[in-house]
Chemist: 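Sending over a structure as structure tokens; questions will come in a sec.
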Amino acid sequence: MIDVMYFAWVRERIGEPRERVETDAATVADLVEELKAREPRYEAAFADLSALRVALDQELSDFDAPLAGVREVAFFPPMTGG
Amino acid sequence: MIDVMYFAWVRERIGEPRERVETDAATVADLVEELKAREPRYEAAFADLSALRVALDQELSDFDAPLAGVREVAFFPPMTGG
Amino acid sequence: MPTIRVQSAPFSLGEESEGFAAGRTETGAVVTFTGLVRDTGGISRMEIEHYPGMTEKAIGDIVDEAMGRWTLDDALVIHRHGTLVPGDRIMMVATAARHRAAAFEAAEYLMDYLKSRAPFWKKEYGPDGAEWVAAKDEDEDALSRW
Amino acid sequence: MPTIRVQSAPFSLGEESEGFAAGRTETGAVVTFTGLVRDTGGISRMEIEHYPGMTEKAIGDIVDEAMGRWTLDDALVIHRHGTLVPGDRIMMVATAARHRAAAFEAAEYLMDYLKSRAPFWKKEYGPDGAEWVAAKDEDEDALSRW
């Protein structure tokens with residue numbers, strides 16, 4: 001089980017801020033494919049991965065990073081702080 | 001007649017902050033030569049012109065600038081504001 | 001010790017500036033930067049979302065990196081989230097150093113990284129509806145100078 | 001309209017920061033720089049001499065040049081003269097602009113020129129007597145970047 005979080009327009013497209021996901025995905029990209037296969041709202045959110053960023057356990061990471069041992073995955077658009 | 005002002009260590013070497021000077025000097029450099037010829041304290045103050053700056057009527061200028069029409073000449077070391 | 005605060009409440013730029021690095025007689029230079037909500041295109045308000053937990057961690061990492069690159073006497077980052085209106089202060093950074101070059105550079109470094117590496121997202125509400133602020137290429141490019 | 005003040009009295013960084021560019025909803029970025037007396041080599045005090053009349057004019061010219069080079073919403077320069085002790089604030093500048101790059105650059109420009117082109121001279125009083133602060137080559141060199 002893994003906590004998956006969504007922020008900004010990713011959260012809006014998916015319709016919820018976080019969920020618990022049962023998965024054996026080896027990498028972030030594998031997890032994304034599993035989610036996209038579920039429902040159109042995931043397809044809409046993950047249509048263009050180049051417009052997205054991912055954090056693993058609150059550290060910025062990459063879509064090809066392994067998920068082993070990760071408890072929290074977050075997807076969001078590029079940050080616009082400051 | 002021209003007002004001549006001194007600041008920082010130039011003022012200290014000359015011993016006064018300002019004086020009225022009767023001069024026909026054509027340039028700042030000529031005025032400096034006239035002053036140096038007066039007394040050793042002026043020689044001490046003007047020994048190294050590269051260590052000095054000059055302002056004419058409150059605008060930074062050069063030692064070869066003409067004095068025609070100038071009412072106020074100021075001599076001082078490089079500024080250390082900020 | 002640097003100070004980092006992530007909060008929905010407004011902050012007083014005056015009090016923060018007055019108190020920052022106070023009583024430090026080794027400090028010769030203090031720089032502050034404040035970011036404000038601009039009234040562009042008649043926006044009525046802005047909502048700032050963030051990622052609690054990661055936000056503090058990401059800002060902490062950015063501040064640690066700045067403290068290592070420059071010899072800073074102190075550093076401060078305050079960033080708001082929630083609802084803001086034009087004229088409101090979104091965030092501020094402050095840096096204290098012996099000399100001005102370090103204080104300026106560190107403040108610019110903090111700003112460049114907070115813009116693109118701290119998990120905040122802005123949504124603007126204007127006459128044509130609501131829109132997520134898009135990240136600018138120039139903000140990403142700004143990181144390459146460090 | 002930029003504000004320029006040359007004074008012997010202390011100033012409140014908090015009040016100046018709080019009031020600067022207040023209510024300007026076109027401003028997105030405010031930068032302040034504050035210079036303080038450092039306790040280097042056990043100095044007990046500093047005397048700052050200036051050239052009344054020329055000082056205001058020189059600072060005015062520097063500010064005008066900055067307002068022309070960058071689109072600034074506002075600018076502020078306060079510079080003290082007279083007796084100061086370690087920890088005292090010598091001077092501050094503030095700049096307001098739409099975006100952060102202009103606010104930072106203009107503040108650095110103002111500082112670089114105030115250092116070497118505004119008629120102030122510092123004398124430090126320490127354990128070994130009094131000494132005029134020498135201008136640094138690096139401060140003169142800093143002007144070449146503009």
Chemist: Which residue out of C/Gly23, C/Ala101, C/Gly14, C/Ala21 racks up the most heavy-atom pairs below 4.5 Å with chain D?
Modeler: C/Gly14
Chemist: For D/Arg89, which atoms come within 4.5 Å of any heavy atom of chain C: side chain, backbone, both, or neither?
Modeler: side chain
Chemist: Any idea how D/Phe33 and C/Phe104 line up, ring-wise: parallel (<30°), tilted (30 to 60°), or perpendicular (>60°)?
Modeler: parallel
Chemist: Tell me, for D/Asp88 versus chain C, whether the close heavy atoms (under 4.5 Å) come from the side chain, the backbone, both or neither.
Modeler: neither
Chemist: Would you please name every residue forming a side chain to side chain donor-acceptor pair (under 3.5 Å) with D/Glu56, sequence neighbours left out?
Modeler: none
Chemist: Is it the backbone or the side chain of D/Glu26 that comes under 4.5 Å from a heavy atom of chain C, or both, or neither?
Modeler: backbone
Chemist: Find the distance between CD (C/Glu18) and CD (D/Glu15) and round it off to the nearest 0.5 Å.
Modeler: 8.0 Å
Chemist: Below 4.5 Å, heavy-atom pairs only: which of C/Pro86, C/Gly87, C/Gly28 has the largest tally toward chain D?
Modeler: C/Gly28
Chemist: Which one wins on heavy-atom pair count under 4.5 Å against chain D: C/Thr34, C/Ile90, C/Thr32, C/Val37?
Modeler: C/Thr32
Chemist: For residues 40-49 of chain C, which residue pairs qualify under side-chain hydrogen bond (donor to acceptor under 3.5 Å, both in side chains), counting only residues two or more places apart or in two chains?
Modeler: A/Arg11-C/Glu49, C/Arg45-C/Glu47, C/Glu47-C/Thr83
Chemist: Against chain C, work out which of D/Glu16, D/His99, D/Met92 has the most heavy-atom pairs shorter than 4.5 Å and name it.
Modeler: D/His99
Chemist: Quick one: list whatever passes salt bridge (Lys or Arg N to Asp or Glu O under 4.0 Å) with C/Lys123, sequence neighbours left out.
Modeler: A/Glu12
Chemist: Would you please go through residues 138-146 of chain D and name the residues with a non-hydrogen atom below 4.5 Å from one of chain C, in numerical order?
Modeler: D/Asp139, D/Ala142
Chemist: Between chain D and each of C/Val31, C/Asp112, C/Asp39, C/Val30, count heavy-atom pairs under 4.5 Å; write down the option with the most.
Modeler: C/Val30
